[in-house]
Amino acid sequence: MDLTAPRPADPGLLDRFGRQAVDLRVSLTDRCNLRCTYCMPAEGLPWLPNGDVLTDDEVIRLVRIAVERLGVTEVRFTGGEPLIRPGLTKIITEVATLERRPRMSLTTNGIGLERTATALLDAGLNRVNVSLDTLDDERFATLTRRRRLPDVLAGLRAAADAGLTPVKINTVLMRGVNDDEAPALLAFALEHGYELRFIEQMPLDAQHGWDRATMVTADEILRDLRGAFTLLPDPVARGGAPAETWLVDGHDALDGGPARVGVIGSVTRPFCGDCDRTRLTADGQVRACLFATEESDLRAALRGGVSDEELAQRWRVAMWGKRAGHGIDDPSFLQPVRPMSAIGG
Ligand code: SAM
């Protein structure tokens, strides 16, 4: 593969390794109403000044460019906590009017979803991923430093009732904290018709507390699940999806199809070769990868008055430089300066 070859004249978000990004993760804020111990310190972080955060109209413009000029077909809103962004419904409503309307989803901690699920569906949101690491009230309070488990459970129910389906749950297991809960979380998800995804903890915390030696691995999670359930290979091709999925024998999803469980082995089973994601931070920086050390500043260009096509071209150039892999297991690996909450998880 010639890595110095010039970028072909193709409108899509190609890179030098033959991948094309079609899945856009948009962070709508770096702020959050939880303080998960593996994500940020108790006191929070120095938040972006309001003037640095893209306005609703700027977000809508960049998403439109991504969809209309760059071939993006999926848009996931995230943060920080996207439900605390006042303009969320407006942004979804506007993106839903695009000619090549993308599928839209939201990654949220679920707080406030009970109140907003129906309005989000009506605005054009297709589905949600809700983060939930424990079913135990005390653990939840310890892990997130807030006593909000009932709000999250109510948010999950409301999302399912509204039809923001499939409702997926994201879980991070931490050794000695909640690593005994994998089977209970799966039983809960099966009972309610939610699709559970375990995510390996990644070196993206603001406190730099991640430790490769003690993180809970995909193999361990699968071993624990197999102690309580029979997992069968999923015949559906994975494509660019981060999760490896298994069918849970003897259990049906609410739509009558087979129930599934997924594991996102970002560290021990990286899937960079099939990555189809591009990221936009709340302050308008394009990142080719969660672990990128470079960013491309679309906000400055946008506020400087450049055209849609010029913005699109800057985005293409940023993605052309995407690296082959995140290199977490490489001795030269450097944790990105921005933590997960400021990139958009
Ligand atoms: N506030 C929203 C939420 O809770 O889903 C969206 C942002 S949050 C950063 C997105 C996801 O990233 C959550 O599922 C969270 O558990 C996960 N996450 C945060 N830090 C992580 C880390 N160091 N490794 C793996 N996942 C992480």
All N/O donor-acceptor pairs, side-chain side in residues 35-53, below 3.5 Å, sequence neighbours left out:
residue : atom : partner : partner atom : Å
R35     : NE   : A42     : O            : 3.4
R35     : NH1  : C32     : O            : 2.7
Y38     : OH   : D133    : OD2          : 2.5

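For Q285, the CD atom counts as densely surrounded, since its 6.0 Å shell holds more than 12 non-hydrogen atoms of other residues, nucleotides or ligands. More than 12 heavy atoms of other residues, nucleotides or ligands shown are found within 6.0 angstrom of CZ on R212.
Here the CG-CG distance, from D224 to L185, works out to 11.5 Å after rounding to the nearest 0.5 Å.
Between D137 and R147, at least one side-chain N (NZ, or NE/NH1/NH2) sits under 4.0 Å from a carboxylate O, which counts as a salt bridge. Electrostatic pairing of R238 and D274 does not count as a salt bridge here, judged by no charged N lying under 4.0 Å from a carboxylate O. At a threshold of 4.0 Å, the pair E94-K90 does not count as salt-bridged, since none of the basic side-chain nitrogens sits closer than that to a carboxylate oxygen. Ion pair E114/R157 not flagged as a salt bridge, since none of the NZ, NE, NH1 or NH2 atoms sits closer than 4.0 Å to an Asp/Glu carboxylate oxygen. Salt-bridge formation is detected for the pair R61/D308: a Lys NZ or Arg NE/NH1/NH2 atom is positioned less than 4.0 Å from an Asp or Glu carboxylate oxygen. The pair E195-R127 fails the salt-bridge criterion, with no side-chain N (NZ, NE, NH1 or NH2) lying under 4.0 Å from an Asp/Glu carboxylate O. Taking a cutoff of 4.0 Å between a charged side-chain nitrogen and a carboxylate oxygen, R316 and E309 qualify as a salt bridge. A salt bridge between R146 and D151 is absent, with no side-chain N of the basic residue lying under 4.0 Å from a carboxylate O of the acidic one.
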* How far apart are the C-alpha atoms of E81 and N33, what are their side-chain angles, what is the distance that settles it, and do they pass the side-chain hydrogen bond (donor to acceptor under 3.5 Å, both in side chains) test? -> CA-CA 7 Å; E81 174 46 48; N33 43 7; 5.9 Å; no

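The side-chain hydrogen bond (donor to acceptor under 3.5 Å, both in side chains) test applied to R269 returns D219, E244, not counting sequence neighbours.
Using modelled atom types, no side-chain atom of Q335 and backbone atom of H208 make a donor-acceptor pair closer than 3.5 Å. Side chain of D136 to main chain of R139: a donor-acceptor pair is present (N/O by atom type, distance under 3.5 Å, no hydrogens or angles).
One hydrophobic cluster, built from ILVMFWY side chains closer than 4.5 Å, holds both M104 and L70.
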